[in-house]
Amino acid sequence: RTNRSQNLKIKVEIDTDPPPDFKTEVLQLYNPIPYSVKTYVQEDLFAGKMHAVLFREWRSRVKGRDWYDMLWFMRREIKLNLHYLEQRMRASGNWTGENGLTEKKFMSLCMDKINNLNIESAKEDIEVFLHDPRSIEAWSQEFFRGVVKKIEILQIN
């Protein structure tokens, strides 16, 4: 809650070149004032976040905020749209194969990323945003291996 003399900064990102087959929904929100916003469905947002976790190059550091956000989706039991993730990967050049992205290959990419993850760098990036830094004490390669194994894939018919 802010008082009238405080400035509140809000960052808005707009995808001007989304992959095909994305889905949107209109949400009615009430804070800080009532408004409506058109956004990707959560399964596609999760896919976009996993693309960032797996492939975002952020100077020479780890963007711990991506890992923190991934946990946000996991806590809410949002399923991952693997097809949409594949489309994101194709658009960025991170997937060029003729075959589709499989759950097995996705898990392999996750495990490779986690095995090379600098946990301390990830923690340093996110700590400044946390009220209680103890909330990331559990972060380790073993922790994240367990987390990604629990990602549920959205089944598209």
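Only this structure's heavy atoms are used, side chains among them; waters, hydrogens and symmetry mates stay out.
Contact of the Ile114 side chain with the Phe143 side chain is not registered, since no non-hydrogen atoms from C-beta on lie closer than 4.5 Å. With contacts defined as side-chain heavy-atom distances shorter than 4.5 Å, the pair Leu80/Glu43 does not qualify. Using a 4.5 Å heavy-atom cutoff, the side chains of Val37 and Val26 are not in contact. Put simply, the side chain of Val41 does not reach to within 4.5 Å of the side chain of Phe22, judged on heavy atoms. A heavy-atom distance below 4.5 Å is found between the side chains of Lys49 and Arg56. Contact of the Phe46 side chain with the Met74 side chain is registered, since non-hydrogen atoms from C-beta on lie closer than 4.5 Å. Ile151 is not listed as a side-chain neighbour of Glu103, based on a closest heavy-atom distance of 4.5 Å or more. Within the 4.5 Å cutoff, the side chain of Thr96 has no heavy atoms near those of the Met89 side chain.
Distance alone, capped at 3.5 Å, places no donor-acceptor pair between the Glu127 side chain and the Pro133 backbone. For the pair Glu152 (side chain) and Lys79 (backbone), a donor-acceptor distance under 3.5 Å is absent. The backbone N or O of Gly97 sits less than 3.5 Å from a side-chain atom of Arg90, completing a donor-acceptor pair. A donor-acceptor pair under 3.5 Å is absent between the side-chain atoms of Gln28 and the main chain of Tyr35, judged by distance alone. Side-chain atoms of Arg88 never come within 3.5 Å of backbone atoms of Tyr84 as a donor-acceptor pair (strictly under, hydrogens ignored). Judged by distance alone, with hydrogens and angles left aside, the side-chain atoms of Asn116 form a donor-acceptor pair with the main-chain N or O of Asp112 at under 3.5 Å.
Between Ile126 and Arg65 the shortest heavy-atom distance is CD1-CG, 3.4 Å. Leu101 and Phe106 make their closest contact through CD1-N, 4.0 Å (heavy atoms, listed as atom of the first residue, atom of the second, distance). Closest heavy-atom contact between Gly100 and Glu86: CA-OE1, 3.3 Å. Of all non-hydrogen atoms in Val62 and Ser121, the two that sit nearest each other are N-OG, 3.4 Å.
Around atom CZ of Arg134, no more than 12 heavy atoms belonging to other residues, nucleotides or ligands sit under 6.0 Å away. Crowding of Tyr68 atom OH: a count of heavy atoms from other residues, nucleotides or ligands under 6.0 Å not exceeding 12.
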(request) Take Gln141 and Met111 through the test side chain to side chain contact (heavy atoms under 4.5 Å, CB included) and record every step on the way to the result. (result) CA-CA 9 Å; Gln141 289 171 321; Met111 293 304 167; over 6 Å; no

(request) Take Leu109 and Lys105, measure what side chain to side chain contact (heavy atoms under 4.5 Å, CB included) needs, and give me the verdict at the end. (result) CA-CA 6 Å; Leu109 290 168; Lys105 182 59 181 171; 4.3 Å; yes

(request) Apply the test side chain to side chain contact (heavy atoms under 4.5 Å, CB included) to residues Thr39 and Leu27: give CA-CA distance (whole Å), side-chain angles for both, the deciding distance (0.1 Å), then the verdict. (result) CA-CA 7 Å; Thr39 182; Leu27 300 176; 3.6 Å; yes

(request) Apply the test side chain to side chain contact (heavy atoms under 4.5 Å, CB included) to residues Leu117 and Trp139: give CA-CA distance (whole Å), side-chain angles for both, the deciding distance (0.1 Å), then the verdict. (result) CA-CA 11 Å; Leu117 177 61; Trp139 284 24; over 6 Å; no

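Here Lys63 does not pair with Asp125 in a salt bridge; the nearest charged N to carboxylate O distance is not below 4.0 Å. The pair Lys23-Asp44 fails the salt-bridge criterion, with no side-chain N (NZ, NE, NH1 or NH2) lying under 4.0 Å from an Asp/Glu carboxylate O.
Rounding to the nearest 0.5 angstrom, the gap separating the CG atom in Asn115 from the SG atom in Cys110 is 11.0 Å. The distance from the CG atom of Leu82 to the CG atom of Leu154 is 9.5 Å, given to the nearest 0.5 Å. Rounded to the nearest 0.5 Å, atoms CG (Leu85) and CG (Leu54) are 6.5 Å apart. Taking CD1 of Ile153 as the reference point, atom CD1 of Ile156 lies at 10.0 Å (rounded to 0.5 Å). Taking CZ of Phe144 as the start and NZ of Lys113 as the end, the distance is 12.5 Å to the nearest 0.5 Å. From Ser135, atom OG reaches atom CG of Leu130 across 4.5 Å, with rounding to the nearest 0.5 Å.
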